[in-house]
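Since the structure comes first, as structure tokens, the remarks are kept for the end.
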Amino acid sequence: MEAFTTHTGRAVPLRRSNVDTDQIIPAHWLKKVTRDGFEDGLFEAWRKDENFVLNRPERKGATVLVAGPDFGTGSSREHAVWALQNYGFKAVVSSRFADIFRGNSLKNGLLTVVLDQKVVDALWELTEADPTAEITVDLEARQVRAEATDGSQLTADFELDENSRWRLLNGLDDISLTLQNEADIATYEAARPTFKPRTINA
Amino acid sequence: MGRTLAEKVWDDHVVRRAEGEPDLLFIDLHLLHEVTSPQAFDGLRQAGRRVRRLDLTIATEDHNTPTLDIDKPIADPVSRAQLETLRKNCAEFGVRLHPLGDVEQGVVHVVGPQLGLTQPGTTVVCGDSHTSTHGAFGALAFGIGTSQVEHVLATQTLPLARPKTMAITIDGELPDGVTAKDLILAIIARIGTGGGQGYILEYRGSAIEKLSMEARMTICNMSIEAGARAGMIAPDETTFDYLKGRDHAPQGEDWDAAVAYWKTLRTDDDAVFDAEVVIDAAELAPFVTWGTNPGQGAPLSANVPDPASYEDASERNAAEKALEYMGLTAGQPLREINVDTVFVGSCTNGRIEDLRNAAAILDGRKVADGVRMLVVPGSVRVALQAVEEGLDKVFTAAGAEWRHAGCSMCLGMNPDQLAPGERSASTSNRNFEGRQGKGGRTHLVSPQVAAATAVLGHLASPADLSDARTPAGV
């Protein structure tokens, strides 16, 4: 996984709640067996509308998605995270993320930042008033900062547990970390009751 | 202080606990399917890793599989390639696989329980959010992403932060005609699609205790639609009776030891939940969704809500967008909504009791002119049982299509899809925009409401059927 320390980029305001993973990447894209090439499937149905915010020329090259509450609900498809990353997003801001989506994003180095809806509202207003405004997502300081050309500023702290932050800052691979405790796994396995199910009968 | 069911199962699976780290949990059962596993196997291959516990891993094919002409090559080359990738990966790594055409093939969440692999007090994961289904047995079961699939394949564990617990207590008697599906849709409408976020739900109370295992699975299945990590129901005699004698259920002394352990898996009287919701079963009615998320539902007797009635700006906005997408107007009676397609199936409602319930209503009746009805059994075993009982004949005599097992129109990865603008009554779990096909409009319903809707051509419950009929007596 690529490490995430801090990122600065322009934003896309997505004024929708309950953006489920079927909207982020529709099911027919899930037939692919790779982790890349999903960028054209991102929000595929909505992108057919030329006025959809992602299609606006001023949003081209933006890297921070600012979304409504309950982002990433529904299916566990990690393809939703890959699609956002393949398209170029480095961070997503929302007041509430679905659990599985959040877990998937942090395992891939896509930083999902939880901020109060009032702050999300302020970020929407700021980037809508000035699409060139840049938002900085600083994982080291656990802070989001934004500044518009008219001088208006916004700073907000966010929370992320220390363990997730440490893994993101260092781009650590979970499996390697777990395998450092291989002896603990073997000890647990040795003590499992014999009545536990097995897919292959002995 | 006492512990909840979820806490007991969690504690029994902690491989390693350290300050400032997530718990490392052992996984008892890992279910695989073709969609979320290819990139995980690639990861293993690149790192030179093997599958740590082949005896705790099983795969089947469900999302892409066609429900017609299954003896012919799959027409869609991309779907075919994905199934072939699963077959190659399972052969290379030694994973037990039940492919299309095998008697144990079917929707992964129907297959696990029917083989007796899903057991109380186990941890069950799958790269599929509806893994919550298995919580009906008192298992801690949850959906994971592909990175976690790779992690479980390599280590048989997952590092996880302990979720909070929420009790959802439903006491009393469910009124006639009210099913497990109506109950879970009502719960989601009450707590919202984010209401369970960060929690493991435990469904309890006298109304839950009276439910069959299959009805319990329907409820736990949709826990994810309330945003919950998992949903659980304490195991009891109903659970033990369901499991006894199944292929992978414990036998002999192991059975006795297992039951003794399973009986300890109840929330202690002095345990404290982080949140509690209480619902009176007697107040429930057949429930349907009108919007584009599973929380946008209402009793069938209600009208389409007016977005202006929502105080919360985000909910109001969501309701406006939903009505526009669904082609509905505020105030329209839900019973007057006409449908084009009825789908009975999925990991939510594709088991034998679901098919029996739908067939009992269709027996001696006809699907309305202009309505297409698809009945897709959840597994080959369910299909065989249905045929033995003559249910397939009831469906075809009524004018419904009897298909082969798979996920089918629940998510339309195979050819079973809605056309743009088409409207369905569906026993599946998600009414998201385009879920059942681009531009398709989905109303989530129970199998009974699905069957009555098929007969009348508009959203309806069995109580709305006043016609005379001559059932063949299945």
Side-chain angles (χ1 to χ4, degrees), chain A residues 1 15-18 20-23 26-28 30-35 45 68-70 73-79 81-82 96-101 103-104 107-108 117 161-164 174-179 181-182 184-185 187-189 192-202, chain B residues 15-16 20-22 24 26 28-29 35-36 38-39 54-58 64 78-79 81-82 85 96 117 119 122 127-129 143-148 150-151 154-157 159 161 193-194 197-198 227 229 248 250 254 257-258 261 293 314 317-318 411-413 430 432-435 438:
Chain A
M1 177 175 84
R15 284 187 180 261
R16 278 181 181 260
S17 61
N18 271 290
D20 57 76
T21 53
D22 273 80
Q23 303 318 313
H28 70 98
L30 273 49
K31 297 175 187 180
K32 286 167 61 67
V33 295
T34 57
R35 285 175 180 254
D70 294 312
T73 54
S75 159
S76 63
R77 57 188 74 165
E78 200 157 311
H79 313 66
V81 171
W82 303 332
R96 193 162 59 193
F97 290 97
D99 281 338
I100 303 178
F101 175 82
N104 289 343
K107 294 207 182 303
N108 284 275
Q117 187 57 42
D161 69 273
E162 191 48 50
N163 188 267
S164 301
D174 270 7
I175 296 177
S176 304
L177 288 176
T178 295
L179 288 175
N181 302 307
E182 209 276 334
D184 293 328
I185 302 173
T187 303
Y188 183 93
E189 286 176 323
R192 280 180 87 228
T194 55
F195 62 73
K196 290 278 187 176
R198 287 172 197 276
T199 57
I200 302 166
N201 284 333
Chain B
V15 168
R16 177 189 147 86
E21 290 180 26
L24 189 63
F26 193 79
D28 288 314
L29 179 64
V35 177
T36 54
Q39 298 86 349
L54 290 167
D55 61 336
L56 305 182
T57 309
I58 188 169
N64 275 276
V78 196
S79 284
Q82 191 163 56
T85 302
R96 173 177 168 186
L117 284 167
Q119 294 177 17
T122 56
D128 189 284
S129 60
I144 56 178
T146 297
S147 294
Q148 289 172 306
E150 184 182 339
H151 195 285
T155 71
Q156 204 58 36
T157 65
T193 55
Q197 200 250 326
R229 189 80 233 204
H248 292 271
D254 271 348
Y261 170 61
N293 73 57
S314 145
N317 180 263
L411 84 168
M413 274 189 83
R430 289 189 174 135
F432 298 154
E433 290 182 21
R435 169 82 177 178
K438 268 181 209 166

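Below, chain A is the first sequence line, B the second, and so on; all start at residue 1.
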Which of the residues [options] is involved in the greatest number of heavy-atom pairs with chain B at under 4.5 angstrom?
options                                   : value
Asn108(A), Thr187(A), Thr73(A), Asn181(A) : Asn181(A)
Met1(A), His79(A), Glu162(A)              : His79(A)
Thr34(A), Asp20(A), Asn163(A)             : Asp20(A)
Thr21(A), Leu179(A), Asp22(A)             : Asp22(A)
Gln117(A), Lys32(A), Arg77(A)             : Lys32(A)

Can you tell which part of [X] gets under 4.5 Å to a heavy atom of chain A, answering side chain, backbone, both or neither?
X         : answer
Asn293(B) : side chain
Arg229(B) : both
Arg435(B) : both
Leu54(B)  : both
Leu411(B) : both
Asn317(B) : side chain
Glu433(B) : both

Using distance alone, with no hydrogens and no angle criterion, decide if [X] and [Y] have a side-chain donor and acceptor under 3.5 Å apart.
X         : Y         : answer
Glu78(A)  : Ser147(B) : yes
Thr193(B) : Asn18(A)  : yes
Thr194(A) : Asp254(B) : yes

Residue part contacting chain B, namely of [X], when any heavy atom lies under 4.5 Å:
X         : result
Asp184(A) : both
Ser176(A) : both
Phe97(A)  : backbone
Arg192(A) : side chain
Pro193(A) : neither
Ala45(A)  : neither
Asn104(A) : side chain
Arg35(A)  : both
Ser75(A)  : both
Gln23(A)  : side chain

So do [Y] and [X] actually touch side chain to side chain, heavy atoms under 4.5 Å?
X         : Y         : answer
Pro197(A) : Thr122(B) : yes
Leu24(B)  : Thr178(A) : yes
Lys196(A) : Gln119(B) : no
Thr146(B) : Trp82(A)  : yes
Lys31(A)  : Asn64(B)  : yes
Ile100(A) : Ser129(B) : yes
Thr155(B) : Ile185(A) : yes

Work out which heavy atom in [X] is nearest to a heavy atom in [Y]; give both atom names and the distance.
X         : Y         : value
Pro250(B) : Phe195(A) : CG-O, 3.8 Å
His248(B) : Thr199(A) : CE1-O, 3.5 Å
Gln82(B)  : Leu30(A)  : NE2-O, 2.8 Å

Review point. Who pairs with His28(A) by side chain to side chain donor-acceptor pair (under 3.5 Å), at least two apart in sequence or on another chain?
Key: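 So His28(A) forms a side chain to side chain donor-acceptor pair (under 3.5 Å) with Glu44(A).
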**Study point:** Partner set under side chain to side chain donor-acceptor pair (under 3.5 Å) for Gln148(B), not counting sequence neighbours
**Key:** none
Would you mind telling me which of [options] has the largest number of heavy-atom pairs within less than 4.5 Å of chain A?
options                                   : result
Ile144(B), Asp128(B), Leu29(B), Val15(B)  : Val15(B)
Pro38(B), Ala258(B), Gly143(B), Ala257(B) : Ala258(B)
Gly412(B), Gly434(B), Pro22(B)            : Pro22(B)

Study note, to complete from the structure: To the nearest 0.5 Å, atom CD of Glu189(A) lies from atom OG1 of Thr157(B) at 9.0 Å
Exercise for review: Check for a donor-acceptor pair, side chain of Ser76(A) on one end and backbone N or O of Gly145(B) on the other, with a separation under 3.5 Å.
Suggested key: no
